[in-house]
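Here the structure is a predicted model, which means the values were calculated and not measured.
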Amino acid sequence: MIAQHLLAWIAYTSDNSSISYWRTKSGVEVDFVIYSPHSIYAIDVKNTSNIRPKDLRGLKAFKEDYPMAKTVLLYRGREKLNKQDVLCMPCEEFLKELIPGKPIIS
């Protein structure tokens with residue numbers, strides 16, 4: 001569902017954004033990377049209501065390679081919070097705030 005909404009956001013936001021996947025040789029990965037002319041977003045989705053340090057591993061590794069990136073962990077919890085420089089937010093809240101023509105994360 002997140003992929004479908006991100007693809008729709010890209011289609012309706014005519015700024016030449018693209019979506020991809022990121023993975024290191026050691027197997028660390030990020031589910032979605034959105035490249036836009038003005039920003040890079042790394043988005044990981046976890047089916048959990050509690051965030052553990054290992055859930056942030058991929059986003060932290062991505063941020064090491066791309067320090068300008070905005071990193072977001074989507075999860076099934078109810079709180080929007082910041083953990084180790086990663087914005088963690090409920091999937092439902094993320095989807096409600098995903099509006100074409102506006103930044104993915106403000």
Heavy-atom closest pair, residues K83 and C88
CB-SG, 4.1 Å
What distance separates H38 NE2 from M68 CE, expressed to the nearest 0.5 Å?
15.0 Å
Walk me through it: do I43 and L74 pass the test side chain to side chain contact (heavy atoms under 4.5 Å, CB included)?
CA-CA 7 Å; I43 302 169; L74 302 179; 3.8 Å; yes
Does R57 come within less than 4.0 Å of E29, counting only side-chain N to carboxylate O?
no
Looking at N16, I'd like to know if its CG atom is crowded, meaning that more than 12 non-hydrogen atoms belonging to other residues, nucleotides or ligands lie closer than 6.0 Å.
no
For the side chain of W22 and the backbone of V28, is there at least one donor-acceptor N/O pair under 3.5 Å apart?
no
Would a 4.5 Å heavy-atom cut-off, applied to side chains only, mark T71 and D85 as touching?
no
Polar side-chain atom of D31 near backbone of V45 as donor-acceptor pair, under 3.5 Å:
yes
Taking atom CZ of R76 and atom CD1 of I51, what is their separation to the nearest 0.5 Å?
13.5 Å
Is Y12 atom OH crowded by more than 12 heavy atoms from other residues, nucleotides or ligands, each under 6.0 Å away?
no
May I ask you to say whether K60 pairs ionically with E64, meaning some side-chain N is under 4.0 Å from a carboxylate O?
no
Would you indicate whether the side-chain heavy atoms of I2 and L95 approach each other to under 4.5 Å?
yes
If every non-hydrogen atom of S17 is compared with every non-hydrogen atom of I10, which pair is closest and at what distance?
O-CG2, 3.4 Å
More than 12 heavy atoms of other residues, nucleotides or ligands under 6.0 Å from CD of E93: is that the case?
yes
Let me confirm one number: the CG-CD1 distance from L98 to I105, rounded to the nearest 0.5 Å.
8.0 Å
I need the minimum non-hydrogen distance between S36 and Y41, along with the two atoms involved.
OG-CE1, 4.5 Å
Assess the residue pair V30 and L59 against the criterion (side chain to side chain contact (heavy atoms under 4.5 Å, CB included)); give the C-alpha distance rounded to whole Å, side-chain angles, the decisive distance to 0.1 Å, and a yes or no.
CA-CA 6 Å; V30 172; L59 293 168; 4.0 Å; yes
Is it true that atom CD of E97 has more than 12 heavy atoms of other residues, nucleotides or ligands lying nearer than 6.0 Å?
yes
Applying side-chain contact (heavy atoms from CB on, under 4.5 Å) between I104 and each of V72, I99, I34, report the one that passes.
I34
dist Y75:OH -> K46:NZ (nearest 0.5 Å) comes out at 14.5 Å
Expected output: side-chain T13 to main-chain G101 donor-acceptor under 3.5 Å:
yes
Under 3.5 Å: donor-acceptor pair, side chain of D65, backbone of F62:
no
Gap separating the CZ atom of F32 from the NE2 atom of H5, nearest 0.5 angstrom:
12.0 Å
Take I19 and L7, measure what side chain to side chain contact (heavy atoms under 4.5 Å, CB included) needs, and give me the verdict at the end.
CA-CA 8 Å; I19 188 169; L7 289 168; 3.6 Å; yes
Does either side chain, that of N50 or that of T48, offer a donor lying less than 3.5 Å from an acceptor on the other one?
no
Separation between CG (L6) and CZ (F94), nearest 0.5 Å, reads 5.0 Å
Crowding at CE, M1 (>12 non-hydrogen neighbours, <6.0 Å):
no
So, does Y66 use its side chain to make a donor-acceptor pair with the main chain of K70 at under 3.5 Å?
no
